[in-house]
Undergrad: 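What follows is a single structure, and I will ask about it in a moment.
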Amino acid sequence: MAVRLCDVASLLRSGSWAPEPWTGQVIAAMETQLSNGPTCNNTSNGPSTISNNCSSPVESGSIEDSKTNLIVNYLPQNMTQEELKSLFGSIGEIESCKLVRDKITGQSLGYGFVNYVDPKDAEKAINTLNGLRLQTKTIKVSYARPSSASIRDANLYVSGLPKTMTQKELEQLFSQYGRIITSRILVDQVTGPAGVSRGVGFIRFDRRVEAEEAIKGLNCQKPPGATEPITVKFANNPSQKTSQALLSQLYQSPNRRYPGPLAQQAQRFRLDNLLNMAYGVKSRFSPMAIDGVTSLAGINIPGHAGTGWCIFVYNLAPDADESILWQMFGPFGAVTNVKVIRDFNTNKCKGFGFVTMTNYDEAAVAIASLNGYRLGDRVLQVSFKTNKTHKA
DNA sequence: TCTAATT
């Protein structure tokens, strides 16, 4: 797997300072769906959620949005709103789409919203994309709850847990205070996702008042069978720390050559990321000109400039669809688009398709890994799309 | 002792 160059610039995506307009609507009252945690095995970031049967109060709002509006969690850090829209757009027509970002740094907060036109597509997206592995993440797709102040700041940080306590036991302990949206027990880094508990975790309740009651009831209390009391408090907001760290890096960087204000540096980072997004090349790290890179590799920059590296996938089955391409290529890095070429009359796949990836190194690893891959009873041929008009 | 869940 390719290692992504990581610096401040790569953390700041272009366009971050200009939030997209969001055509917000009154969001519907609904019964929140809690039972759609990742369907795959647990990974480092796929906390499962155990639903309980507490009823939630119904708030006012339109019924339609409750069935079309999805929240998507555990998105890879480098995934853009365009990539999110592209991925979910492969299911059906999207009414609106938003990746939530830090207001100051523009960094992705790792979640977003997708509102479909058709409720059936929203349901299909949950069924087909929930649990999808993208890079190191396992995304979670679920219906968005109606936005309201009462559901904010309902996340608790719990420490001092017995090392033997399971996630299920943690939920059982807290569920008496309300509806749990997510729970997680942090584990030791080296022992991996199924490794030993660090004795700390998180509980997100549906509503803040439930979290408050849980603090009152459980802070400084010993769980059944435990020898030490646990600490229960409101969790820090993860985005706060990130923006502060980033801003302090920008101001204190010892090798900064641009003594101007923050905004001036930000401009440069934005330019770098624009190039990175467009060509998979970091201008400061690559001695090659963009034209040189593309002609050298014999690669066609497909469609509109700035969409990435186009990959040709051959020997797909007649019933192949876009989701298989997402599933195959997504783990290798940022995928912006997939397309299965179909016969106009039969609507069956003509045996090939295309995948666009943002970063050259990730595309190269994907090709190296997937060329010759056996999919069902077929052996795939995977390569960069050649520029046929220049071919001999 | 702190993960990216409400636009």
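As the structure is a prediction and not an experimental result, all values here were calculated from the model. The chains referred to below are lettered A, B, ... by the order of the sequence lines, with proteins before strands, and numbering in each begins at 1.
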Undergrad: Can you tell which of B:dT3, B:dA5, B:dT1 lies closest to the side chain of A:S142?
TA: B:dA5
Undergrad: Counting only side-chain N and O atoms of A:R204, is one of them less than 4.0 Å from OP1 or OP2 of B:dA4?
TA: no
Undergrad: Given B:dC2, B:dA4, B:dT6, identify the nucleotide with an atom nearest to the side chain of A:F202.
TA: B:dC2
Undergrad: If you check the A:S159 side chain, which of B:dT1, B:dA5, B:dC2 turns out closest?
TA: B:dT1
Undergrad: Just N and O in the side chain of A:K137: are any of them under 4.0 Å from OP1 or OP2 of B:dA4?
TA: yes
Undergrad: Using atom types as modelled and distance alone, determine if a side-chain donor or acceptor of A:R374 lies under 3.5 Å from a backbone N or O of A:G376.
TA: yes
Undergrad: Using the side-chain heavy atoms of A:R198, tell me which of these nucleotides is nearest: B:dT7, B:dC2, B:dA4.
TA: B:dC2
Undergrad: Side chains of A:S183 and A:E171: do they bring a donor and an acceptor to under 3.5 Å?
TA: yes
Undergrad: According to a strict under-4.0 Å criterion, is A:N73 in side-chain N/O contact with OP1 or OP2 of B:dA5?
TA: yes
Undergrad: B:dA5, OP1 or OP2 - any side-chain N/O from A:R184 closer than 4.0 Å?
TA: no
Undergrad: Measure from the side-chain heavy atoms of A:S147 and tell me the nearest of B:dT6, B:dC2, B:dA4.
TA: B:dT6
Undergrad: For A:Y157, which contact category applies under a 4.0 Å heavy-atom criterion: base, sugar-phosphate, or nothing?
TA: base
Undergrad: Would you mind checking if A:R342 and A:E322 are paired as a salt bridge, meaning a charged N to carboxylate O distance below 4.0 Å?
TA: yes
